[in-house]
Number of protein chains: 2
Amino acid sequence: MSFESTPYKDKKVISIGIVSELTGLSFRQIRYYEERKLIFPERNEKGTRRYSFSDIEKLVEIANKREEGVQTHEIRKEMKQERTKSVEKNVLKDMLRGQFNAHFRNNNNNSM
Amino acid sequence: MSFESTPYKDKKVISIGIVSELTGLSFRQIRYYEERKLIFPERNEKGTRRYSFSDIEKLVEIANKREEGVQTHEIRKEMKQERTKSVEKNVLKDMLRGQFNAHFRNNNNNSM
DNA sequence: CGTGTAAGGAATTCTGACACG
DNA sequence: CGTGTAAGGAATTCTGACACG
(Lines give C-alpha, C1' and ligand atoms only; values in the text may rest on other atoms or scores of the structure.)
Protein backbone atom coordinates (compact mmCIF):
# COMPACT_ATOMS: atom_id res chain seq x y z
CA MET A 1 0.00 0.00 0.00
CA SER A 2 2.77 2.43 0.88
CA PHE A 3 5.49 2.45 -1.78
CA GLU A 4 9.01 3.80 -1.77
CA SER A 5 9.03 4.62 -5.45
CA THR A 6 12.20 6.74 -5.51
CA PRO A 7 14.57 5.95 -2.65
CA TYR A 8 17.35 8.08 -4.10
CA LYS A 9 19.13 7.98 -0.81
CA ASP A 10 19.91 4.30 -1.14
CA LYS A 11 20.64 4.11 -4.86
CA LYS A 12 24.21 3.03 -5.47
CA VAL A 13 25.29 5.41 -8.20
CA ILE A 14 28.21 7.46 -6.90
CA SER A 15 31.84 6.73 -7.77
CA ILE A 16 34.61 6.73 -5.21
CA GLY A 17 36.10 10.01 -6.45
CA ILE A 18 32.93 11.93 -5.63
CA VAL A 19 32.58 10.15 -2.31
CA SER A 20 36.11 11.21 -1.46
CA GLU A 21 35.29 14.82 -2.37
CA LEU A 22 32.08 14.79 -0.34
CA THR A 23 33.49 13.15 2.77
CA GLY A 24 37.05 14.42 2.72
CA LEU A 25 38.31 10.83 3.11
CA SER A 26 41.03 9.29 0.95
CA PHE A 27 40.37 6.44 -1.47
CA ARG A 28 42.49 4.30 0.78
CA GLN A 29 40.32 5.04 3.82
CA ILE A 30 37.07 4.49 1.98
CA ARG A 31 38.22 1.13 0.64
CA TYR A 32 39.59 0.12 4.01
CA TYR A 33 36.28 0.77 5.76
CA GLU A 34 34.70 -1.51 3.20
CA GLU A 35 37.30 -4.17 3.96
CA ARG A 36 36.35 -3.84 7.63
CA LYS A 37 32.66 -4.36 6.72
CA LEU A 38 31.51 -0.88 7.69
CA ILE A 39 30.10 -0.01 4.28
CA PHE A 40 28.91 -2.08 1.36
CA PRO A 41 29.18 -0.41 -2.03
CA GLU A 42 27.98 -2.26 -5.10
CA ARG A 43 30.05 -2.90 -8.20
CA ASN A 44 29.17 -2.31 -11.80
CA GLU A 45 29.96 -4.92 -14.48
CA LYS A 46 33.54 -3.76 -14.80
CA GLY A 47 34.19 -3.81 -11.08
CA THR A 48 34.15 -0.13 -10.13
CA ARG A 49 32.52 0.69 -6.82
CA ARG A 50 29.21 2.56 -6.60
CA TYR A 51 28.06 4.24 -3.39
CA SER A 52 24.75 5.71 -2.19
CA PHE A 53 24.04 8.88 -0.24
CA SER A 54 23.41 6.64 2.75
CA ASP A 55 26.92 5.26 2.41
CA ILE A 56 28.25 8.82 2.39
CA GLU A 57 26.35 9.62 5.58
CA LYS A 58 27.73 6.50 7.18
CA LEU A 59 31.26 7.42 6.13
CA VAL A 60 30.93 10.83 7.77
CA GLU A 61 29.85 9.12 10.99
CA ILE A 62 32.76 6.73 10.72
CA ALA A 63 35.17 9.60 10.18
CA ASN A 64 33.87 11.31 13.32
CA LYS A 65 34.24 8.17 15.39
CA ARG A 66 37.74 7.58 14.05
CA GLU A 67 38.73 11.12 15.04
CA GLU A 68 37.65 10.27 18.55
CA GLY A 69 40.02 7.34 18.36
CA VAL A 70 37.37 4.64 18.08
CA GLN A 71 38.65 1.56 16.23
CA THR A 72 36.87 0.18 13.20
CA HIS A 73 36.00 -2.94 15.13
CA GLU A 74 34.17 -0.89 17.76
CA ILE A 75 32.48 1.22 15.14
CA ARG A 76 31.22 -1.95 13.51
CA LYS A 77 29.66 -3.09 16.78
CA GLU A 78 27.99 0.26 17.36
CA MET A 79 26.53 0.27 13.89
CA LYS A 80 25.12 -3.19 14.39
CA GLN A 81 23.34 -1.93 17.51
CA GLU A 82 21.93 0.98 15.55
CA ARG A 83 20.52 -1.42 13.00
CA THR A 84 18.89 -3.50 15.74
CA LYS A 85 17.32 -0.42 17.30
CA SER A 86 16.06 0.58 13.90
CA VAL A 87 14.41 -2.79 13.43
CA GLU A 88 12.77 -2.50 16.83
CA LYS A 89 11.48 0.90 15.92
CA ASN A 90 9.89 -0.51 12.78
CA VAL A 91 8.27 -3.32 14.70
CA LEU A 92 6.81 -0.70 17.03
CA LYS A 93 5.63 1.35 14.11
CA ASP A 94 3.94 -1.68 12.56
CA MET A 95 2.19 -2.46 15.82
CA LEU A 96 0.93 1.09 16.11
CA ARG A 97 -0.25 1.06 12.53
CA GLY A 98 -2.08 -2.16 13.26
CA GLN A 99 -3.92 -0.59 16.19
CA PHE A 100 -4.62 2.53 14.19
CA ASN A 101 -6.11 0.58 11.30
CA ALA A 102 -8.15 -1.56 13.66
CA HIS A 103 -9.56 1.55 15.26
CA PHE A 104 -10.61 3.17 12.00
CA ARG A 105 -11.49 0.03 10.07
CA ASN A 106 -15.26 0.69 10.23
CA ASN A 107 -15.58 4.45 9.93
CA ASN A 108 -13.16 5.56 7.22
CA ASN A 109 -15.67 6.44 4.50
CA ASN A 110 -15.26 10.17 3.90
CA SER A 111 -11.83 11.91 3.77
CA MET A 112 -9.41 10.46 1.22
CA MET B 1 11.95 28.18 8.69
CA SER B 2 11.52 25.22 6.33
CA PHE B 3 14.88 23.84 5.23
CA GLU B 4 15.84 21.40 2.54
CA SER B 5 18.78 19.98 4.43
CA THR B 6 19.44 16.99 2.18
CA PRO B 7 18.11 17.54 -1.33
CA TYR B 8 19.74 14.39 -2.67
CA LYS B 9 17.56 14.58 -5.71
CA ASP B 10 19.31 17.68 -6.98
CA LYS B 11 22.88 16.87 -5.97
CA LYS B 12 25.10 16.61 -9.03
CA VAL B 13 27.13 13.52 -8.25
CA ILE B 14 26.45 10.95 -10.97
CA SER B 15 28.81 10.30 -13.88
CA ILE B 16 27.61 9.92 -17.46
CA GLY B 17 28.20 6.17 -17.52
CA ILE B 18 25.70 5.57 -14.75
CA VAL B 19 23.24 7.99 -16.30
CA SER B 20 23.50 6.05 -19.54
CA GLU B 21 22.83 2.79 -17.69
CA LEU B 22 19.87 4.24 -15.82
CA THR B 23 18.21 5.94 -18.78
CA GLY B 24 19.19 3.63 -21.60
CA LEU B 25 20.45 6.62 -23.58
CA SER B 26 23.85 6.75 -25.30
CA PHE B 27 26.62 9.12 -24.19
CA ARG B 28 26.12 10.91 -27.48
CA GLN B 29 22.44 11.49 -26.83
CA ILE B 30 22.99 12.67 -23.26
CA ARG B 31 25.65 15.15 -24.34
CA TYR B 32 23.57 16.32 -27.25
CA TYR B 33 20.58 17.13 -25.03
CA GLU B 34 22.94 19.25 -22.96
CA GLU B 35 24.10 21.04 -26.10
CA ARG B 36 20.45 21.78 -26.84
CA LYS B 37 20.02 23.24 -23.34
CA LEU B 38 17.64 20.59 -22.08
CA ILE B 39 19.78 19.53 -19.14
CA PHE B 40 22.55 21.24 -17.21
CA PRO B 41 25.06 18.92 -15.59
CA GLU B 42 27.86 20.39 -13.54
CA ARG B 43 31.54 19.71 -14.09
CA ASN B 44 34.16 18.72 -11.57
CA GLU B 45 37.62 20.35 -11.59
CA LYS B 46 38.87 18.07 -14.31
CA GLY B 47 35.89 18.65 -16.56
CA THR B 48 33.91 15.45 -16.22
CA ARG B 49 30.13 15.86 -16.11
CA ARG B 50 28.11 15.24 -12.96
CA TYR B 51 24.34 14.68 -13.06
CA SER B 52 21.60 14.62 -10.43
CA PHE B 53 18.62 12.29 -10.07
CA SER B 54 16.50 15.18 -11.30
CA ASP B 55 18.56 15.26 -14.46
CA ILE B 56 17.95 11.55 -14.90
CA GLU B 57 14.19 12.03 -14.54
CA LYS B 58 14.32 14.83 -17.08
CA LEU B 59 16.26 12.63 -19.49
CA VAL B 60 13.64 9.91 -19.25
CA GLU B 61 10.96 12.49 -20.09
CA ILE B 62 13.05 13.73 -22.99
CA ALA B 63 13.53 10.19 -24.27
CA ASN B 64 9.75 9.66 -24.21
CA LYS B 65 9.09 12.87 -26.08
CA ARG B 66 11.76 12.02 -28.65
CA GLU B 67 10.15 8.64 -29.24
CA GLU B 68 6.95 10.48 -30.06
CA GLY B 69 8.95 12.41 -32.62
CA VAL B 70 9.05 15.70 -30.72
CA GLN B 71 12.11 17.76 -31.63
CA THR B 72 14.53 19.00 -29.00
CA HIS B 73 13.50 22.56 -29.72
CA GLU B 74 9.87 21.77 -28.89
CA ILE B 75 10.84 19.82 -25.82
CA ARG B 76 12.80 22.82 -24.63
CA LYS B 77 9.73 25.04 -24.98
CA GLU B 78 7.54 22.57 -23.12
CA MET B 79 10.01 22.34 -20.28
CA LYS B 80 10.13 26.10 -19.97
CA GLN B 81 6.37 26.11 -19.56
CA GLU B 82 6.62 23.48 -16.87
CA ARG B 83 9.05 25.66 -14.99
CA THR B 84 6.72 28.63 -15.22
CA LYS B 85 3.80 26.59 -13.94
CA SER B 86 5.94 25.39 -11.10
CA VAL B 87 6.79 28.95 -10.14
CA GLU B 88 3.11 29.89 -10.21
CA LYS B 89 2.32 26.96 -7.98
CA ASN B 90 4.87 28.15 -5.47
CA VAL B 91 3.49 31.65 -5.49
CA LEU B 92 0.07 30.17 -4.76
CA LYS B 93 1.51 28.06 -1.98
CA ASP B 94 3.17 31.10 -0.44
CA MET B 95 -0.11 33.04 -0.56
CA LEU B 96 -1.96 30.21 1.12
CA ARG B 97 0.69 29.90 3.77
CA GLY B 98 0.38 33.62 4.39
CA GLN B 99 -3.36 33.31 4.98
CA PHE B 100 -2.87 30.25 7.10
CA ASN B 101 -0.31 31.93 9.29
CA ALA B 102 -2.47 35.03 9.61
CA HIS B 103 -5.38 32.90 10.70
CA PHE B 104 -3.47 31.05 13.40
CA ARG B 105 -1.16 33.82 14.43
CA ASN B 106 -2.93 34.38 17.77
CA ASN B 107 -3.99 30.93 18.85
CA ASN B 108 -1.09 28.56 18.16
CA ASN B 109 -0.04 27.79 21.70
CA ASN B 110 -0.62 24.05 22.14
CA SER B 111 0.14 21.39 19.49
CA MET B 112 3.66 21.50 18.07
C1' DC C 1 45.69 -1.09 13.25
C1' DG C 2 45.00 2.44 9.93
C1' DT C 3 46.79 4.85 6.24
C1' DG C 4 50.23 6.51 2.61
C1' DT C 5 52.36 5.54 -1.67
C1' DA C 6 54.43 3.88 -6.20
C1' DA C 7 53.21 0.43 -9.96
C1' DG C 8 50.95 -1.29 -13.90
C1' DG C 9 46.85 -2.08 -16.12
C1' DA C 10 42.09 -1.58 -17.36
C1' DA C 11 38.01 1.25 -17.81
C1' DT C 12 35.99 6.08 -18.19
C1' DT C 13 35.25 10.40 -20.12
C1' DC C 14 36.38 14.37 -23.07
C1' DT C 15 36.49 17.03 -27.51
C1' DG C 16 36.18 17.86 -32.40
C1' DA C 17 35.14 15.79 -36.63
C1' DC C 18 33.21 13.08 -40.40
C1' DA C 19 29.05 10.54 -41.77
C1' DC C 20 24.19 9.88 -42.94
C1' DG C 21 20.00 11.89 -44.02
C1' DC D 1 18.19 17.41 -36.97
C1' DG D 2 19.73 13.68 -34.16
C1' DT D 3 22.83 10.13 -33.59
C1' DG D 4 26.77 6.78 -34.60
C1' DT D 5 31.59 6.12 -34.73
C1' DA D 6 36.85 6.10 -34.85
C1' DA D 7 40.75 8.95 -32.79
C1' DG D 8 43.89 10.46 -29.37
C1' DG D 9 44.52 12.06 -24.96
C1' DA D 10 43.65 12.83 -20.15
C1' DA D 11 41.61 11.41 -15.83
C1' DT D 12 39.63 7.50 -12.94
C1' DT D 13 39.66 3.35 -10.56
C1' DC D 14 41.41 -1.28 -9.43
C1' DT D 15 44.44 -4.69 -6.99
C1' DG D 16 48.34 -6.33 -4.35
C1' DA D 17 52.28 -4.93 -1.96
C1' DC D 18 55.69 -2.56 0.87
C1' DA D 19 56.14 0.86 4.61
C1' DC D 20 55.53 2.81 9.24
C1' DG D 21 54.23 2.10 13.76
Side-chain angles (χ1 to χ4, degrees), chain A residues 11-80, chain B residues 11-80:
Chain A
K11 275 240 161 190
K12 308 270 188 178
V13 296
I14 310 175
S15 61
I16 195 168
I18 301 271
V19 173
S20 175
E21 262 180 48
L22 261 36
T23 61
L25 296 168
S26 69
F27 287 30
R28 186 69 167 92
Q29 291 174 305
I30 298 170
R31 291 189 190 122
Y32 181 67
Y33 299 149
E34 175 183 1
E35 192 184 318
R36 302 311 309 271
K37 311 280 187 193
L38 298 179
I39 51 170
F40 306 91
E42 289 179 359
R43 302 285 185 122
N44 69 6
E45 328 72 54
K46 307 302 181 59
T48 69
R49 274 168 267 248
R50 300 302 175 196
Y51 302 84
S52 67
F53 283 110
S54 293
D55 291 329
I56 289 175
E57 288 186 1
K58 257 194 196 174
L59 282 170
V60 172
E61 276 183 54
I62 293 167
N64 289 147
K65 297 262 179 67
R66 284 292 303 128
E67 274 181 23
E68 294 169 19
V70 186
Q71 294 197 332
T72 56
H73 185 248
E74 293 305 317
I75 297 175
R76 177 132 193 266
K77 277 194 214 162
E78 293 176 28
M79 290 175 82
K80 261 189 189 162
Chain B
K11 275 241 162 190
K12 307 273 186 173
V13 297
I14 310 173
S15 60
I16 195 167
I18 302 270
V19 174
S20 175
E21 263 180 46
L22 260 36
T23 60
L25 296 169
S26 69
F27 287 30
R28 187 69 167 94
Q29 289 174 306
I30 297 169
R31 292 190 189 122
Y32 182 66
Y33 299 149
E34 175 184 0
E35 191 183 319
R36 302 312 309 272
K37 312 280 185 193
L38 297 179
I39 51 171
F40 306 91
E42 288 179 0
R43 302 287 185 120
N44 69 6
E45 328 72 52
K46 307 301 181 60
T48 69
R49 275 167 267 247
R50 300 301 175 199
Y51 303 82
S52 67
F53 284 110
S54 293
D55 291 329
I56 289 175
E57 289 186 0
K58 256 194 196 174
L59 282 169
V60 171
E61 276 184 53
I62 293 166
N64 289 146
K65 296 265 178 65
R66 284 292 303 128
E67 274 181 23
E68 293 169 19
V70 186
Q71 294 196 333
T72 56
H73 185 249
E74 293 305 317
I75 296 176
R76 177 133 194 266
K77 277 194 215 164
E78 292 176 30
M79 289 176 83
K80 262 190 190 163

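Proteins get letters first, then strands, A, B, ... in listed order; numbering begins at 1 in each. These numbers were taken from a predicted model, which means no experiment stands behind them.
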Considering only distance and modelled atom types, tabulate donor-acceptor pairs under 3.5 Å from the side chains of residues 40-47 of chain B, sequence neighbours left out.
| unit_1 | atom_1 | unit_2 | atom_2 | d |
| --- | --- | --- | --- | --- |
| Arg43(B) | NH1 | Gly47(B) | O | 2.8 |
| Asn44(B) | OD1 | Lys46(B) | N | 3.0 |
| Asn44(B) | OD1 | Gly47(B) | N | 2.9 |
| Asn44(B) | OD1 | Thr48(B) | N | 3.0 |
| Asn44(B) | OD1 | Thr48(B) | OG1 | 3.4 |
| Asn44(B) | ND2 | Thr48(B) | OG1 | 3.0 |

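Atom CE of Met79(A) is separated from atom CD1 of Ile39(A) by 8.5 Å, given to the nearest 0.5 angstrom. Here the straight-line distance linking atom CD1 of Ile14(A) with atom CZ of Arg49(A) works out to 15.0 Å at 0.5 Å rounding.
Annotation: side chain to side chain donor-acceptor pair (under 3.5 Å) contacts involving residues 64-73 of chain A, sequence neighbours excluded, comprise Arg36(A)-Thr72(A), Lys65(A)-Glu78(A). Contacts classified as salt bridge (Lys or Arg N to Asp or Glu O under 4.0 Å) and involving residues 12-24 of chain A (residues at least two apart or in different chains) are given here: Lys12(A)-Asp55(A).
In this structure, the side chains of Thr23(A) and Ile62(A) stay at 4.5 Å or more apart for every pair of heavy atoms.
Listed by chain and residue number, Tyr8(A) satisfy the ring pair (Phe, Tyr, Trp, His ring centres under 6.0 Å) test with Phe53(B) (two or more places apart in sequence, or in another chain). Here Lys58(B) pairs with nothing under the side chain to side chain donor-acceptor pair (under 3.5 Å) rule; sequence neighbours left out. In this structure Ser20(A) satisfies the side chain to side chain donor-acceptor pair (under 3.5 Å) test with no other residue, sequence neighbours excluded. Contacts of Leu22(B) classified as side chain to side chain contact (heavy atoms under 4.5 Å, CB included), with partners at least two apart in sequence or in another chain: Val13(A), Ile18(B), Ile56(B). The salt bridge (Lys or Arg N to Asp or Glu O under 4.0 Å) test applied to Arg50(B) returns no partner, not counting sequence neighbours.
The stretch residues 59-73 of chain B has no heavy atom under 4.0 angstrom from DNA chain C at all.
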Look for any protein N or O under 3.5 Å of an N or O in nucleotides 5-7 of chain D and output each such pair with its distance, or none.
| unit_1 | atom_1 | unit_2 | atom_2 | d |
| --- | --- | --- | --- | --- |
| dT5(D) | O4 | Arg28(B) | NE | 3.3 |

For nucleotides 12-14 of chain C, tabulate all protein N/O to nucleotide N/O atom pairs closer than 3.5 Å, reporting atom names and distance.
| unit_1 | atom_1 | unit_2 | atom_2 | d |
| --- | --- | --- | --- | --- |
| dT12(C) | OP2 | Lys46(A) | NZ | 3.4 |
| dT13(C) | OP1 | Ser15(B) | OG | 2.9 |
| dT13(C) | OP1 | Gly17(B) | N | 3.2 |
| dT13(C) | OP2 | Gly17(B) | N | 3.3 |
| dC14(C) | OP1 | Arg49(B) | N | 2.8 |
| dC14(C) | OP1 | Arg49(B) | NE | 2.9 |
| dC14(C) | OP2 | Arg31(B) | NE | 3.2 |
| dC14(C) | OP2 | Arg31(B) | NH2 | 2.8 |

Please convert DNA chain C into dot-bracket. A pair counts if it is Watson-Crick or G-U wobble with both distances under 3.5 Å; crossing pairs go in [ ] and bases paired with another strand get |. .||||.||.|.|.||.||||.

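Applying the 4.0 Å criterion to OP1 and OP2 of dT3(D), one finds that Tyr32(B) has every side-chain N and O outside that range. Residue Tyr33(A) has no polar side-chain atom (N or O) positioned under 4.0 Å from OP1 or OP2 of dG2(C).
A salt bridge is absent between Arg31(B) and Glu34(B); no separation between the charged side-chain nitrogens and carboxylate oxygens falls under 4.0 Å.
For Glu35(A) and dT3(C), the CD to P distance is 11 Å, given to the nearest whole Å. For Arg36(B) and dT3(D), the CZ to P distance is 11 Å, given to the nearest whole Å.
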Between Tyr33(B) and Ile75(B), is the side chain to side chain contact (heavy atoms under 4.5 Å, CB included) condition met? List the steps. CA-CA 10 Å; Tyr33(B) 299 149; Ile75(B) 296 176; over 6 Å; no

